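The basis for the numbers below is simple: all heavy atoms, side chains too, and nothing from hydrogens, waters or symmetry mates. All values reported here derive from a predicted model rather than from experimental measurement.
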Amino acid sequence: AERCSMSEFAGLLRSRVEVWQQTPDRLDTGLVSDTWVRVGSYRAHIEAEGAGKAVEGMSLSSLPRYRVLLRNVGSFQVDQRVRWGDRVLAVRQIVISPSASDRVTLHCEELRP
């Protein structure tokens with residue numbers, strides 16, 4: 001997907017995802033509550049990366065992992081959330097290839113409901 005032409009790349013983007021970011025919100029009581037706000041809605045290509053030891057260098061986590069490929073049009077950050085249908089994915093790594101800087105890959109881990 002990284003080396004395909006622009007039109008081929010656009011054809012891959014068949015899923016709709018939303019990106020959410022946590023922002024601190026001060027309550028009337030003076031306490032801080034973390035609120036999630038939507039920062040954008042994007043077309044994406046999503047591939048399963050597997051789970052467990054082979055994926056994350058002997059990690060104990062068995063949560064499903066996904067590679068989310070998008071146009072590089074937002075300011076994506078680690079620890080944002082990607083909502084894909086009923087699934088919520090935590091962004092763990094962001095990769096922008098020097099040979100294809102118009103696209104970005106978010107390596108994500110599915111969160112338990």
Stepwise side chain to side chain contact (heavy atoms under 4.5 Å, CB included) check, Arg83 with Trp20: CA-CA 8 Å; Arg83 291 191 184 185; Trp20 292 70; 3.4 Å; yes
Asn72 side chain vs Ser101 backbone, donor-acceptor pair below 3.5 Å: yes
In one Ile/Leu/Val/Met/Phe/Trp/Tyr side-chain cluster, 4.5 Å: Trp36, Tyr42: no
Pairwise side-chain contact, Leu69 with Arg103, heavy-atom cut-off 4.5 Å (strictly under): yes
Exercise: identify the closest heavy-atom pair between Gln80 and Val19: OE1-CG1, 3.5 Å
Note, Val82 side chain near Val91 side chain (heavy atom, < 4.5 Å): yes
Side-chain heavy atoms of Val68 within contact of Glu47, under 4.5 Å: no
Check: His107 and Glu49 side chains under 4.5 Å, non-hydrogen atoms: yes
Single hit among Leu106, Val78, Asp79 for side-chain contact (heavy atoms from CB on, under 4.5 Å) with Arg92: Asp79
Smallest separation among heavy atoms of Ser41 and Arg16, with atom names: OG-CD, 3.1 Å
Within-4.5 Å side-chain heavy-atom neighbours: His45 and Arg14: no
Min side-chain heavy-atom separation Leu63-Arg112 under 4.5 Å: yes
same_hphob_cluster(Trp84, Ile94) at 4.5 Å side-chain heavy-atom cutoff: yes
Polar contact flag, side-chain donor to acceptor under 3.5 angstrom, Tyr66-Arg87: yes
Cluster link Leu89 to Val39, ILVMFWY, side chain under 4.5 Å: yes
Heavy-atom check, side chain of Gln93 versus side chain of Val95, under 4.5 Å: yes
Single-linkage hydrophobic cluster Ile46~Ile96, side-chain heavy atoms < 4.5 angstrom: yes
